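As structure tokens, the structure follows; a few thoughts come after it.
Just so we're on the same page: letters track the sequence lines, and every chain starts at 1. Nothing here was measured: the structure is a model prediction, and the numbers come from that model.
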2 protein chains.
Amino acid sequence: MVSGYAPCMTPNAPAADEPALTHIRALPSWLLNRASARGRRLVAEALARDGMRMSHHAVLSAVADLGPVAQAELGRTTGFDPKDMVGILNDLQAQELVTRAPDPADRRKNAINLTPAGRRRLARLAKLGDEANEALLAALSPAERELFLALLTRVVEDDD
Amino acid sequence: MVSGYAPCMTPNAPAADEPALTHIRALPSWLLNRASARGRRLVAEALARDGMRMSHHAVLSAVADLGPVAQAELGRTTGFDPKDMVGILNDLQAQELVTRAPDPADRRKNAINLTPAGRRRLARLAKLGDEANEALLAALSPAERELFLALLTRVVEDDD
DNA sequence: GAAAGTCATTGGTGACTCCAACGTTGGTGA
DNA sequence: TCACCAACGTTGGAGTCACCAATGACTTTC
């Protein structure tokens, strides 16, 4: 891609004498890292009030959507390593939020199912997560949030 | 903050029957995590071609800006833990990109300085970092990038 | 001159990501 | 039928990253 000549405020055309730190801290990757860290912190703190972590919320959501589902399928959907999925499901099963029974149709698989307690818990977690995300974007107006999310989505989907 | 009623596309007003996974994956925190991970990967891969990591680039930039500077000050500026700063500077010093000499004015401190080789290396790293960031936002037009960065900056600065 | 604070350094923890291996089970082709 | 390969859940472990505690040396403050 030809860069053309960028407007004077874009970080891709730094002034020759611009401090290196100023340059770095204006990079999208740097800002995304900070924003992501803040989001993780806010969400993690919110979910921690319920004794849960983000991975628990994600997997519980996947189980809710995919009904009886094997662990490998959960891993493919949520992006967690099979090894980590074992631990996450151990936690969820210990709190009786999911059931883990051998699949009679394919004895290699475990059929993971949501319990009623799991469904109630998931509703709580979703609420906590939404509130944290509201705080994360508190600096933006509703219209700006929508625009920001649209742009962010395009950046993310460019990864596929 | 009163939520008012949001436009139908905002994730803060999920449809009652919306799949939990769809909801989670549309959360700002989720998208920011993915975008941040992609940025980290792109930048890390670019810098790895020069045998460096992001922390090396950041600290090297800070040294370039702050002239002779103590490690604690570098840590405060870049946000790295003092413990990690030791390792980062060990790496930079081993490649003779910085000098680390006791500060005669305050013998508790180390005076960190950039070497000529460090300055040349920093220029290379900045170029690699910029290219990776260009790839990161390749899906957006220049105007959209500017807008995205402005919004992202406000989200980040809301953290202070 | 004593107390408190700062400095660089070491050691350690917890969360997250990823890879390799293993025994078990299912499907496929010889 | 019987190899063979693939997928499954599980275990063990490596590496990164952010963070916290403690320590000895040194400086500042009162």
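By the 4.0 Å N-to-carboxylate-O rule, B/Lys109 lies too far from B/Glu73 to be salt-bridged with it. Using a 4.0 Å cut-off between charged side-chain N and carboxylate O, B/Arg49 and B/Glu45 make no salt bridge. Here A/Asp91 pairs with A/Arg53 in a salt bridge; the nearest charged N to carboxylate O distance falls below 4.0 Å. The pair A/Asp81-A/Lys83 does not count as a salt bridge, with every side-chain nitrogen at least 4.0 angstrom from each carboxylate oxygen.
Atom CD1 in B/Ile88 sits about 13 Å away from atom P in D/dC19, given to the nearest Å. Here C/dG14 presents its P atom at 18 Å from CD of A/Glu45, a figure rounded to the nearest Å. Rounded to a whole Å, the CZ atom of A/Arg40 is 12 Å from the P atom of D/dC19. One atom, CD of B/Glu73, and another, P of C/dT6, lie 13 Å apart when rounded to the nearest Å. Whole-Å rounding puts the B/Asn90 CG to C/dG11 C1' distance at 15 Å. The distance from atom CZ of A/Arg34 to atom C1' of D/dA18 is 15 Å, rounded to the nearest whole Å. Rounded to an integer number of Å, the gap from A/Lys109 NZ to D/dA6 C1' is 12 Å. Rounding to whole angstrom units, CZ of residue A/Arg41 and C1' of D/dA18 are separated by 13 Å.
Neither OP1 nor OP2 of D/dC8 sits under 4.0 Å from any side-chain N or O of A/Gln71. Within the structure, every side-chain polar atom (N or O) of A/Asn33 is placed at least 4.0 Å from both OP1 and OP2 of D/dC17.
Other residues, nucleotides and ligands contribute only 12 or fewer heavy atoms inside 6.0 Å of the CZ atom of A/Arg119.
Residues from residues 91-104 of chain A that place a heavy atom under 4.0 Å from any atom of DNA chain D, listed by number: A/Arg100. Using a 4.0 Å cutoff on non-hydrogen atoms, the parts of residues 46-62 of chain B near DNA chain D are B/Arg53, ordered by number.
Mapping B/Ala72 and B/Asp84 onto DNA chain C via the closest heavy atom, the residue that lands nearer the 5' end is B/Ala72.
Side-chain contact between A/His57 and A/Leu122 is present, with at least one heavy-atom pair separated by less than 4.5 Å. For the pair A/Glu96 and A/Arg121, the minimum side-chain heavy-atom distance is 4.5 Å or more.
Within 4.0 Å (heavy atoms only), A/Ala44 reaches no atom of the nucleic acid at all. When heavy atoms are screened at a 4.0 angstrom cut-off, A/Ala37 is found touching no nucleic acid atom at all.
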Pull out every protein N or O sitting under 3.5 Å from an N or O of nucleotides 20-26 of chain D, one pair per line with the distance.
from   : atom 1 : to      : atom 2 : distance (Å)
D/dC20 : N4     : B/Asp81 : OD2    : 3.2

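Judged by distance alone, the side chains of B/Arg100 and B/Asn90 do bring a donor and an acceptor atom under 3.5 Å apart. In the model, A/Asn113 has no side-chain atom that pairs as donor or acceptor with a side-chain atom of A/Thr99 under 3.5 Å.
Base-pair partner of C/dA30: D/dT1 (Watson-Crick or G-U wobble, both distances under 3.5 Å).
The side chain of A/Arg76 sits closest to D/dA7 out of C/dA8, D/dT10, D/dA7.
Under the 3.5 Å distance criterion, the side-chain polar atoms of A/Glu144 are matched with a main-chain donor or acceptor of A/Ser141. Remark: side-chain polar atoms of A/Asp84 are not paired, donor with acceptor, to backbone N or O of A/Phe80 under 3.5 angstrom. Not one N or O on the side chain of A/Asp103 forms a donor-acceptor pair closer than 3.5 Å with the backbone of A/Asn110.
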